[in-house]
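Let me begin by presenting the structure, written as structure tokens, before commenting on it.
Letters A, B, ... mirror the listed sequences (proteins, then strands); counts begin at 1.
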Amino acid sequence: MSETSPKPTIAMDDLMALCKRRGFIYQASEIYGGIQGFWDYGPLGAQLKKNLRDAWWQDVVMNPCQGMAGPDGNPVRIVPVDTCIIQNPKVWEASGHVAGFNDPMVDCRESKARYRADHLMCLGEKGDTSGQIYAYVDNDDKSYATARKKLDKYKKRALSDAEIDTCPLTSLSADELKVTVGPDASEAGTLTEPRAFNLMFDTYPGPIRDEANKAYLRPETAQGIFINFKNVIDTTRVKVPFGIAQTGKAFRNEVTPRNFTFRSREFEQMEVEFFCHPSEAKDWYAFWRDWRMSWWKSLGLAGDNLILREHDKDELAHYAKEGAGTSDVEYRFPFTAPRFGELEGIAHRSNFDLKAHQNHPASTVKLEYFDQERNERYLPDCIEPSAGLDRGVLASLCEAYTPDESRPSKVFMKFHPRLAPIKAAVFPLVNKDGMPEVGEKLAADLRKRFGHLGAIEFDPKQNIGKRYARMDEAGCPFCFTIDGDSLTDQTVTVRERDTLAQERVSLDRAAAYVAEKLGLG
RNA sequence: GCGGGUGUAGCUCAGUGGUAGAGCGUCACGUUGCCAACGUGAAUGUCGGCGGUUCGAAUCCGCUCACCCGCUCCA
């Protein structure tokens, strides 16, 4: 990993100040002191985020893989869904989230170590209900030996195995915990009571707030796809291999929200679950991994700040253990540098999820797919490219932030034109002599043509330098200026954000100019 | 969860117990007319919040909230 970046690492504080100043991102509930792990998007941020989501929707769902054929030589097929944030809680039992997202943790005030409560065992002398208890990490011989040694020292004699009683830490009473010595502690009573880190948010649909009515806010959008797999198969004409895609909010009660919007408790995902025959899973995995990497590059996250990283075996998620692997598309954020933070994970989930839902006791549905061509019934394997929309936005903001002492704004946002929240601006050089009228008409024309892609600004106030500078900070790629000559020869000056170059184009060519620069031909 | 830091106008920050400030930005008017120019003027604050000490608190004390950094944690 290279420690040197071709671009100086920007200060996160400066970027955050710009995001506030220009209306990209605000702290959620700011007027009440904020709320940890939540962020709101302002006018420019909302459009930036929409543009990234739309780019994904277009390139992944509507024109899958930008028209590139899959490894089988056929066009890639994807259909969209939009599923609920709240589902029957059994969905999350089957998926493993209820068990996996509820690990009670224990902290040690002395050693500062944190343990999973269900990984801690305790030992003491058989029959002794008043003496000290010693905790150790389950299946850790060294930790066990340490606890035995501490007990022997406390009892002032070597106890035999037969004199030892063990039990899980979670079975101890509060009083017993007070006389328990932590695995890495010397004093008793330094362990906190086991605390559940509820990584899923609870909610209670219906009038009665009762455990029987407990439901969860989804921690990932993926399960909404898996539980609709049969519906999609039955009601559309898709055939394996194909993908189901959706974007939407997900919620995780992160222990430590950090780093601006990077680890938020409420965030938006863009996910595809791509189903294929197990024999083709490896090829599809490699295909998606490589194409997703190139997609992020195509949106301006090029260069050394973006890497594709294959997971080591020991960091694979529970659903990916059996699969062909997991890769991350990672971006070098200022706060991770020189290391990288995940933008998107491409995982081979094998048939983990379909199997889990099919096998859940409360589920009656058969999810096997009958493949006519192969004359074979099977549970498809699944390749999951799962991207973080908010992380993509954050990476785009970081990448776009370009200090430039030579220009009045001292900084400009070099967004890819496709992502830029303001597509173009129109300025009358002087707010009189017929220039505003010409400008307003041009702005209206551009709005009609490009308004669905982003804002078209019209600004007749103050001197031209200020207006250019404002657009630089907003990341607007093109500014059209109407001057005296425009009235006579029907031409305008277009000023390019990145190069500051000015070019004279005819008024009726202005829309074509923007279309070409946006890649719309 | 632990340790350190920060919190005053939209942004950056000054203000160590005595009337709430500056620069920039924003807005208006004038002038100018291709890069935050110039002139005049204006708006904008629960000094993060709550409580305490004090005749008097942005300032001292306690608690709390949020953000940043380092741990820890994170399928």
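G42(A) comes within 4.0 angstrom of no nucleic acid atom, judged by non-hydrogen atoms across all strands. In this structure, E30(A) reaches neither bases nor backbone, as no heavy-atom distance under 4.0 Å exists between it and the strands shown. Residue contacts shown for R495(A) include a base, since a base heavy atom lies under 4.0 Å away. Among the heavy atoms of the strands lying under 4.0 Å from F260(A) are primed sugar atoms or P, OP1, OP2 only; no base atom is included.
With both pairing distances under 3.5 Å, G39(B) is matched to C29(B) as a Watson-Crick or G-U wobble pair. If you check A57(B) for Watson-Crick or wobble pairing at under 3.5 angstrom, you find it has no partner at all.
Side-chain contact between Q269(A) and E220(A): present, with at least one pair of heavy atoms (C-beta onward) separated by less than 4.5 Å.
One donor-acceptor pair, N or O on each side, does fall under 3.5 Å between the base of C34(B) and the side chain of D483(A). For E254(A) against C74(B), no side-chain N or O and base N or O form a donor-acceptor pair under 3.5 Å. For C34(B), its base sits under 3.5 Å from the side chain of T493(A) at one donor and acceptor pair at least.
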Filtered N/O pairs between nucleotides 44-49 of chain B and protein, under 3.5 Å:
{"from": "U46(B)", "atom 1": "O4", "to": "I31(A)", "atom 2": "O", "distance (Å)": "3.3"}

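For A147(A), the side-chain contact (heavy atoms from CB on, under 4.5 Å) criterion is met by L123(A), Y134(A), Y136(A), not counting sequence neighbours. Partners of A94(A) according to the side-chain contact (heavy atoms from CB on, under 4.5 Å) rule, which considers only residues two or more places apart in sequence or in another chain, are H357(A), H360(A). Applying the side-chain contact (heavy atoms from CB on, under 4.5 Å) criterion to V494(A), with sequence neighbours excluded, gives F478(A), F480(A), E503(A), V505(A), Y513(A). A511(A) meets the side-chain contact (heavy atoms from CB on, under 4.5 Å) test with L446(A), R449(A), F450(A); sequence neighbours excluded.
Taking every heavy atom of both residues into account, L367(A) and Q358(A) meet most closely at N-OE1, 2.6 Å.
For RNA chain B, the neighbouring residues in residues 14-28 of chain A, judged by any heavy atom under 4.0 Å, are A17(A), K20(A), R21(A), R22(A), Q27(A).
Using C1' as the reference atom, G62(B) and G25(B) are 38 Å apart when rounded to the nearest Å. With P as the reference atom, U54(B) and U64(B) are 23 Å apart, rounded to whole Å.
Taking the ring axis of F412(A) as reference, the NZ or CZ atom of R497(A) does not stay both within 45° of it and closer than 6.0 Å to the ring centre.
At whole-Å resolution of the value, NZ in K461(A) and C1' in U31(B) are 16 Å apart.
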